[in-house]
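Heads up: the structure comes next, in structure tokens.
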Amino acid sequence: MSGFDPKWTFRIRASLLPMNPQNLFHLAAVGVIALPCIVAGATALLSRPKRLPLRVMSAIFAGWVVAVYFTEYAYNPAGIAAGIDAGVDPEMRFDNNALASAILHGWMYPAMAVAMVLSVRALIRKVRPPARRA
């Protein structure tokens with residue numbers, strides 16, 4: 001026996017991060033911006049497709065899809081639960097039309113993330129000379 005107690009580790013994790021509906025909604029509010037940016041930035045750094053405009057468009061599209069799905073399946077339910085937990089009508093605390101906003105404008109944050117990632121990559125390549133091949 002190694003002395004590992006999974007109940008003990010769960011108690012530590014649960015005490016460090018209490019997840020009531022309000023905290024879950026705040027976490028979802030961060031995720032609805034951060035997750036599409038991370039997906040778009042990582043997709044922009046892939047080596048395929050070789051053509052930069054196609055790679056940028058596919059990265060922004062991937063970020064947009066993640067934004068729409070995350071809004072529909074995580075952000076909206078968390079907002080409704082936070083409104084119910086606060087004891088008010090969910091529409092007073094949370095606008096459930098966030099999906100329409102994500103469909104129309106969900107590409108903006110991923111586009112900014114792709115622009116920043118590719119700018120930093122170009123700056124690093126300009127400052128650091130390429131390694132010589134033997």
Side-chain angles (χ1 to χ4, degrees):
M1 268 181 126
S2 64
F4 177 73
D5 184 12
K7 294 178 186 174
W8 181 75
T9 56
F10 177 73
R11 273 188 258 134
I12 289 176
R13 289 182 191 152
S15 65
L16 291 177
L17 189 63
M19 272 298 158
N20 60 13
Q22 302 296 326
N23 290 348
L24 189 63
F25 179 60
H26 292 304
L27 185 65
V30 170
V32 80
I33 295 173
L35 192 61
C37 291
I38 291 168
V39 167
T43 306
L45 291 176
L46 294 176
S47 60
R48 297 278 181 184
K50 290 287 186 187
R51 294 183 180 163
L52 184 63
L54 188 59
R55 188 168 59 227
V56 167
M57 289 188 329
S58 63
I60 293 172
F61 181 72
W64 176 76
V65 168
V66 168
V68 170
Y69 276 104
F70 191 84
T71 300
E72 176 66 23
Y73 295 112
Y75 184 74
N76 280 350
I80 292 170
I84 291 171
D85 184 58
V88 296
D89 187 29
E91 276 79 21
M92 293 183 71
R93 168 132 176 124
F94 170 75
D95 181 20
N96 60 0
N97 293 324
L99 183 62
S101 177
I103 290 172
L104 292 175
H105 305 291
W107 59 272
M108 286 184 181
Y109 285 122
M112 288 187 278
V114 167
M116 286 191 302
V117 164
L118 293 180
S119 297
V120 168
R121 184 179 184 184
L123 182 67
I124 288 172
R125 286 184 175 179
K126 186 175 184 178
V127 171
R128 188 180 70 193
R132 293 184 184 180
R133 294 187 180 188

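When a residue number appears, it is its place in the shown sequence, counting from 1.
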List, one per line, each side-chain donor-acceptor pair under 3.5 Å for residues 105-128, sequence neighbours excluded.
{"from": "Trp107", "atom 1": "NE1", "to": "Leu104", "atom 2": "O", "distance (Å)": "3.2"}
{"from": "Ser119", "atom 1": "OG", "to": "Ala115", "atom 2": "O", "distance (Å)": "2.7"}

Give every donor-acceptor pair under 3.5 Å between a side-chain atom in residues 50-65 and any protein atom, sequence neighbours left out.
{"from": "Arg55", "atom 1": "NE", "to": "Ala44", "atom 2": "O", "distance (Å)": "3.2"}
{"from": "Arg55", "atom 1": "NH1", "to": "Pro49", "atom 2": "O", "distance (Å)": "3.1"}
{"from": "Ser58", "atom 1": "OG", "to": "Leu54", "atom 2": "O", "distance (Å)": "3.2"}
{"from": "Ser58", "atom 1": "OG", "to": "Arg55", "atom 2": "O", "distance (Å)": "2.9"}
{"from": "Trp64", "atom 1": "NE1", "to": "Ala102", "atom 2": "O", "distance (Å)": "3.4"}
{"from": "Trp64", "atom 1": "NE1", "to": "Ile103", "atom 2": "O", "distance (Å)": "3.0"}

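Under the 4.5 Å side-chain heavy-atom criterion for grouping Ile, Leu, Val, Met, Phe, Trp and Tyr, Ile33 is connected to Tyr75 within one hydrophobic cluster.
For the atom pair CG of Leu24 and CG of Leu27, the computed distance is 6.5 Å after rounding to the nearest 0.5 Å. In this structure, CZ on Phe70 lies 13.5 Å from CG on Leu99, to the nearest 0.5 angstrom.
Using a 4.5 Å heavy-atom threshold, the side chains of Val68 and Thr71 count as separate.
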